[in-house]
Undergrad: 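Sharing a structure below in structure tokens format, with a few things to ask.
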Amino acid sequence: MALALLRQRRTERGPGAGATGFPLPLPPGAGAIGREVLDPVGQPMGAADVTVTALDTHRVVARGTTDPYGCFLAALPPGRYSLMVAAEGLHPHHETVDVVAGPAAPGERIQLQPARGPQLPPPGNWLFDPPHTAIRFIAKHVGMAHVHGRFERFEGGIRIGEDMADSRVHVRIDASSITTGNRTRDDHLRSGDFLDVERFPHLEFHGTRFAYRGGSRWTLQGSLTMHGVSRSVALDTTYLGTVNGGYGEELRCAALARAELHREDYTLNWKSMLARGIAVVGPTVQLELDVQAMYRTHDTPTPPR
């Protein structure tokens, strides 16, 4: 069983030294992989993700993060391994390493470089494609397992601006289309105890600004209206690129967005039910949008305003 070890301090180096040693005792018969990770300007890169995979079994045998000095060390059985180092907004590093039994060799330095983000979609209007778009959620029963569900009816779109930060998103969801695979539970979720779909037939999200986070990741700032209450929401969004595809060879773009909602922010509070011993939804709900959108010409009406 591989043992992932994080180095606690940087070994002193003389002027001009090109590598860092890892003088750490190893289990009998073991070898080691040691690396020192630097950022694009040559400074130690702490909290970079490191994954080591055995090439013969394709199993992950060590996983961890670099320490504040950018160092990582894993003690491993002799063999051939794939090593990957990744950090947000930077191009991942991949290499193949042969580990032999005995003391670890000096840790090699790796300098990560800025990632080249995927080409952004052309400015204009993009309509959600419902058959290839999903709006899902995960909620936890108090003291019980997670409940997975989705909304089956919705419409929406994206207006991409000349400056991506100024783009807009609008999604309108039919609250009565909620489904979790259990008819009794779904009817209860539609009732006045939960979404109260007769009084509040729609959930609506207006995204008003994209903030770039590096690589293909953005934060979409906006407002979600549910149960008659509007609250600010930040969606952690990963842009997946564009492609010509579909039945009509439409130009499409895709993205995955996630957010955590607090049900009491929307006055969905069922403490009286808990007092009666009824296990209901926990305090938070994980929301996920898996979106495909089709490009539309400038004269095609779209939902975003």
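Atoms considered below: every heavy atom in the structure, side chains included; atoms not considered: hydrogens, waters and symmetry mates.
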Undergrad: Which value, rounded to the nearest 0.5 Å, describes the distance between Phe210 atom CZ and Arg168 atom CZ?
TA: 9.5 Å

Undergrad: Please answer: with hydrophobic residues joined when any side-chain heavy atoms are less than 4.5 Å apart, are Tyr212 and Met164 in the same cluster?
TA: yes

Undergrad: Taking all non-hydrogen atoms of both residues, which atom of Pro44 and which atom of Pro68 are closest, and how far apart?
TA: CB-O, 4.1 Å

Undergrad: If the condition is side chain to side chain donor-acceptor pair (under 3.5 Å), which residues does Asp129 pass it with, not counting sequence neighbours?
TA: His132, Arg252

Undergrad: List for me each residue that meets ring pair (Phe, Tyr, Trp, His ring centres under 6.0 Å) alongside Phe154, sequence neighbours excluded, and say none if there are none.
TA: none

Undergrad: Hey, any chance Met84 and Val61 share a hydrophobic cluster, counting ILVMFWY side chains that come within less than 4.5 Å of each other, even indirectly?
TA: no

Undergrad: Taking side chain to side chain donor-acceptor pair (under 3.5 Å) as the test, write out the residues that go with His202, two or more places apart.
TA: Arg172

Undergrad: Ignoring hydrogens and angles, tell me if any N or O in the side chain of Thr66 forms a donor-acceptor pair with the backbone of Met45 under 3.5 Å.
TA: yes

Undergrad: Looking at every non-hydrogen atom in both residues, tell me the closest pair between Phe194 and Leu189 and how far apart they are.
TA: CB-O, 3.1 Å

Undergrad: Would you say Leu289 and Met294 are hydrophobically clustered, going by side-chain heavy atoms of ILVMFWY under 4.5 Å?
TA: no

Undergrad: So which atom in Leu235 and which in Ala259 form the shortest heavy-atom distance, rounded to 0.1 Å?
TA: CD2-CB, 3.2 Å

Undergrad: Report the residues that fulfil side-chain contact (heavy atoms from CB on, under 4.5 Å) with Arg217, sequence neighbours left out, ordered by chain and then residue number.
TA: Glu88, Arg213, Asp236, Thr238

Undergrad: Would a distance-only check, ignoring hydrogens and angles, find a side-chain to backbone donor-acceptor pair under 3.5 Å from Thr53 to His58?
TA: no

Undergrad: Using side chain to side chain donor-acceptor pair (under 3.5 Å) as the criterion, list what pairs up with Ser191, not counting sequence neighbours.
TA: none

Undergrad: Can you name the closest pair of heavy atoms from Gly207 and Leu220 and give their distance?
TA: CA-CD1, 4.0 Å

Undergrad: Just how far is it from atom OG1 of Thr133 to atom CG of Asp290, taken to the nearest 0.5 Å?
TA: 7.5 Å

Undergrad: For His148, does its backbone N or O pair with a side-chain atom of Arg136 as donor and acceptor, under 3.5 Å?
TA: no

Undergrad: Check whether any side-chain heavy atom of Arg63 lies under 4.5 Å from a side-chain heavy atom of Thr51, and answer yes or no.
TA: yes

Undergrad: Heavy-atom distance under 4.5 Å between the side chains of Arg209 and Asp166, does that happen here?
TA: yes

Undergrad: Is Ile135 close to Leu287 at the side-chain level, that is, under 4.5 Å between some pair of heavy atoms?
TA: yes

Undergrad: Find out whether Phe137 and Thr180 are in side-chain contact, i.e. whether some heavy atom of one side chain is under 4.5 Å from a heavy atom of the other.
TA: yes

Undergrad: Distance check, rounded to the nearest 0.5 Å: Tyr81 atom OH versus Ile33 atom CD1?
TA: 7.0 Å

Undergrad: Of all residues at least two apart in sequence or in a different chain, which pass the side-chain contact (heavy atoms from CB on, under 4.5 Å) check with Ala211?
TA: Thr219

Undergrad: Mind checking side-chain contact (heavy atoms from CB on, under 4.5 Å) for Gln113 and listing every partner two or more places apart, or none if nothing turns up?
TA: Gln111

Undergrad: Quick one: does Phe205's side chain get under 4.5 Å of Ile173's, heavy atoms only?
TA: no

Undergrad: Atom CD in Glu198, atom CZ in Arg190: separation rounded to 0.5 Å?
TA: 12.0 Å

Undergrad: Roughly how far, to the nearest 0.5 Å, is CZ of Arg185 from CD1 of Ile178?
TA: 10.0 Å

Undergrad: What is the minimum heavy-atom distance between Trp126 and Pro121, and which atoms define it?
TA: CZ2-CB, 3.6 Å

Undergrad: Can you see which heavy atom on Gly161 is nearest to which on Ser167, and at what distance?
TA: N-OG, 3.0 Å

Undergrad: Looking at side-chain heavy atoms only, is the closest gap between Leu120 and Ile160 below 4.5 Å?
TA: no

Undergrad: Look at the rings of His227 and Phe200 and say which category their plane angle falls in: under 30° parallel, 30 to 60° tilted, over 60° perpendicular.
TA: tilted

Undergrad: Residues in side-chain contact (heavy atoms from CB on, under 4.5 Å) with Ser177, at least two apart?
TA: Phe151, Glu152, Arg153, Asp174

Undergrad: Tell me which donor-acceptor pairs under 3.5 Å the side chains of residues 90-103 have, and how far apart each pair is, sequence neighbours excluded?
TA:
from	atom 1	to	atom 2	distance (Å)
His93	NE2	Glu95	OE2	2.9
Glu95	OE1	Arg35	NH2	3.0
Glu95	OE2	Arg35	NE	3.0
Asp98	OD1	Arg80	NE	2.8
Asp98	OD1	Arg80	NH2	3.4
Asp98	OD2	Arg80	NH2	3.0

Undergrad: For Ile110 and Glu108, what are the C-alpha separation, side-chain angles and deciding distance, and is it a side-chain contact (heavy atoms from CB on, under 4.5 Å)?
TA: CA-CA 7 Å; Ile110 297 168; Glu108 297 181 10; 5.6 Å; no

Undergrad: Answer yes or no: is there an ion pair linking Arg183 with Asp186, defined by an N-O contact shorter than 4.0 Å?
TA: no

Undergrad: List in chain and number order the residues that pass side chain to side chain donor-acceptor pair (under 3.5 Å) with Asp196, two or more places apart in sequence or in another chain; answer none if no residue qualifies.
TA: Arg199

Undergrad: Quick one, Asn125 and Leu127 - any side-chain contact, counting heavy atoms below 4.5 Å?
TA: no

